[in-house]
Amino acid sequence: MRQLIILLAIFALIALTPLWLTSEFWLNAVLLTVYAALLGQAWNILAGFGGQFSFGHALFFGTGAYCVAVLQIQFGVNPWIGFVLGGLLGALVALAMGFLTFRYGLRGSYFALVTLAFAEVFRILSNSVSFTGAGEGILIPLDRQASQMQFTQLSSYFWLICAITLACFLTVWWLQNGRLGARMMAVRDNEEAAAAIGVNAMSVKLQAIALSGFFSGLAGVFYAQKFLYLDPSIAFGPAVSVESLLVAIVGGIGTLFGPLLGAAVLHIFAELVRHVIGDEPGLSMAVYGSILVIMVLFAPRGIAGIGRSVRSVLKGTGDAGR
Amino acid sequence: MINFSILLPSILNGLTTGALYALVALGLTLIYGVLHIINFAHGALLMVAMYLVYFLYKLFGLDPYLALLVVPAAMFVIGYVLQRTIIGNASHGRDENILLVTLGLSIVIENLALFFFASDTQVVDTPYAFDVVELFGAFLPVPKVIAFVGALLTALALWLLMGWTDLGRAIRALARERKGARLVGINVDHIFAMSFGIGIGVLGIAACLLLPTYYVYPQVGHGFVLIAFTIVVLGGMGSFIGALLGGFIIGVVEAVGGLVLGESLGQIGIFVIFILVLLFRPQGLLGHRA
């Protein structure tokens, strides 16, 4: 319960940002941080609770993004409907992929590989067929109306992403405290033992990947409506997959606040690097990659893990080594 | 109906390309067989090897085939050191952490290349790049035929190394039973690093054989490594013969697919195979079920 109150308080504080922060540049920076937290938390549902490390979360993100864009342009479907459908389609693609891979108990290396390959298949497909605009990408026409999910004020986008991200974090809070989450963690820690006490591992993993795909899909829809442009490598390329996992790993896998912490630290760091070295091509990604390597080598449980170790040392419970 | 006279050259072409794919996949499957992890930095390291060949040519005028004497050894050292210093220390008891570290390494290496070399494509101009040889009525580029033979020889050498040397026995022992290998006195960290080094060294051979016909740019590894992943899955993870067979199949599928469906969609055939294997035979053609 305490975690829920802290969570709501943090989001209330974040939501107040547009009221005092007048700089569009910095408000946009905070917006992108919240958005990164959403990507990370969506990844965290599958990795931190389901125990499956995906290297291709762009698959669900891109599905959501293309869903809302294609429905709007080819079929004139309102983006708010596309928003829901984008999330659902993300979940559906996730379910299909999960079904194919979990059926044979593929995990670890194999699962990471398969997710990557699926994202790549979708990238090539969206690059080749005409209704996604192929390699030229897809441009959503400018129509700044709330009914078209396009806003004149940056703060409206800000509150929209806050709401989606809060929904995702609340889902994770519920997982941490509910039965489904308990089953997921049981499967994550020991699938055989979980099965032995009557947990249907397949169904639990599918629920984890569907939830994860749903929120990644929503993130994709938000991206499409915010930037109004998509191409195959934005939607299905490795950048989104890497950002999703990096945010969660830096913050702390399997924790409620980890992705938020990770997103904040990464974005502040990236901003600093840009400030000091400049915006050279490749440099920010190289820094991201280095952070990933350093975190895994020295703090595999993320910032949240470091915090926990320090706390237990202070309390003297001797839990630090865990 | 496709005429046989265009089909045969395209199959032969596919076989030569497939041999090169197989070469990239061989290192991947060796590393997987011993360390039980997928090396996500494989493509990035192939790119490094290709740039090595390119700069040796550019700065010292060294022919790519002569670079065979230098580059594989250099890549072996890079692989050995990477495993000893970074990858080997990353696991903390979880294989996922090794995956993440190799992914991180690939991001760092690729983007540093982008930073230093920009995204321009570079080629090595050899006098023999456009020589062709006639085989069964099909004209094949000479460098591709050399690459084909080179790939087969490399696979043979690896097979001999694994089967008939002490190092090979130690590697196989480690692949099968980590604890037991340590008990009989095998230096586990050293052998792990040797396996990783050999796997990366093979990339050096691949790079030397590739460059007379291919070009190099920072993301060049992507295309190769995804195909290599598919080959490894298709042939069975950890199986050498499987990697070779998988390479040939994928090469032919790509060439014939490109002929039938056109260049951009031709690659889809590769991924269709990937998903089909996953559905019906996830252990691969020659692999054993875990």
Side-chain angles (χ1 to χ4, degrees), chain A residues 47 51-53 55 96-97 99-101 103-114 116-125 127-129 134-135 233 237-239 241-242 245-246 249 253 277 280-301, chain B residues 32 35-40 44 85-87 89-119 218 222 225-226 229-230 232-233 237 261-262 264-268 270-272 274-275 278-279 281-283 289-290:
Chain A
Q52 313 294 321
F53 280 55
F55 280 17
M97 193 189 76
F99 178 73
L100 287 181
T101 51
R103 208 157 63 109
Y104 288 106
L106 304 182
R107 43 187 151 173
S109 283
Y110 229 136
F111 183 75
L113 192 59
V114 168
L116 189 76
F118 266 92
E120 198 59 13
V121 170
F122 274 57
R123 192 182 63 76
I124 294 175
L125 277 177
N127 213 351
S128 314
V129 295
S233 46
S241 302
V242 169
L245 67 91
L246 194 57
I249 287 163
I253 300 174
I277 314 180
E280 298 287 341
L283 207 60
S284 60
M285 277 306 273
V287 170
Y288 268 32
S290 317
I291 295 177
L292 177 57
V293 172
I294 292 167
M295 286 307 288
V296 174
L297 277 179
F298 300 109
R301 287 163 65 232
Chain B
Y32 181 84
L35 295 157
H36 303 294
I37 50 131
I38 292 279
N39 174 26
F40 278 93
T85 54
I86 296 180
I87 300 171
N89 293 324
S91 97
H92 302 287
R94 296 181 58 116
D95 281 353
E96 280 86 357
N97 286 329
I98 307 183
L99 289 183
L100 291 170
V101 145
T102 59
L103 178 72
L105 282 175
S106 80
I107 298 169
V108 174
I109 296 170
E110 253 166 40
N111 285 287
L112 283 181
L114 191 65
F115 178 65
F116 285 115
F117 308 141
S119 54
H222 281 196
V225 85
L226 264 168
F229 284 155
T230 310
V232 170
V233 170
M237 285 203 181
L261 297 170
S264 80
L265 213 58
Q267 279 215 322
I268 280 294
I270 296 174
F271 294 106
V272 170
F274 185 81
I275 292 168
L278 215 63
L279 271 172
R281 202 174 160 82
Q283 72 272 39
R289 203 148 189 178

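Atom set for the values below is all heavy atoms of this structure, side chains included, hydrogens, waters and symmetry mates excluded. Chain letters run A, B, ... following the sequence lines, proteins first and then strands; every chain starts at 1.
Contacts with chain A were tallied for V101(B), I87(B), V232(B), I98(B); V101(B) has the most, counting heavy-atom pairs under 4.5 Å.
Contacts of I249(A) with chain B are made by side-chain atoms alone, with heavy-atom separations under 4.5 Å and no backbone atom involved. Looking at I86(B), the atoms closer than 4.5 Å to chain A (heavy atoms on both sides) sit in the backbone and in the side chain alike. Within the 4.5 angstrom heavy-atom criterion, no atom of L246(A) approaches chain B. In this structure, the portion of Y32(B) lying under 4.5 Å from any heavy atom of chain A is its side chain and not its backbone. Using a 4.5 Å cut-off between heavy atoms, V287(A) makes no contact with chain B at all.
A pairwise comparison of heavy atoms in L112(B) and A286(A) identifies CD2-CB, 4.2 Å as the closest pair. Taking both residues in full, the closest heavy atoms of P300(A) and N97(B) are given as CB-ND2, 4.1 Å, listed atom of the first, atom of the second, then distance. Across all their heavy atoms, A90(B) and V296(A) have their closest contact at O-CG1, 3.9 Å. Nearest heavy-atom pair, I107(B) versus M285(A), reported as atom, atom and distance to 0.1 Å: CG2-O, 3.3 Å.
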I'd like to know whether L100(B) forms a side-chain contact (heavy atoms from CB on, under 4.5 Å) with F55(A), so could you lay out the CA-CA distance, the side-chain angles of the two residues, the decisive distance to 0.1 Å, and finally the verdict. CA-CA 9 Å; L100(B) 291 170; F55(A) 280 17; 3.8 Å; yes
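Between L113(A) and the choices V233(B), T230(B), L99(B), the side chain to side chain contact (heavy atoms under 4.5 Å, CB included) rule is met once, by V233(B).
Contact of the L116(A) side chain with the F40(B) side chain is registered, since non-hydrogen atoms from C-beta on lie closer than 4.5 Å. The closest side-chain heavy-atom distance from L103(B) to L245(A) is below 4.5 Å.
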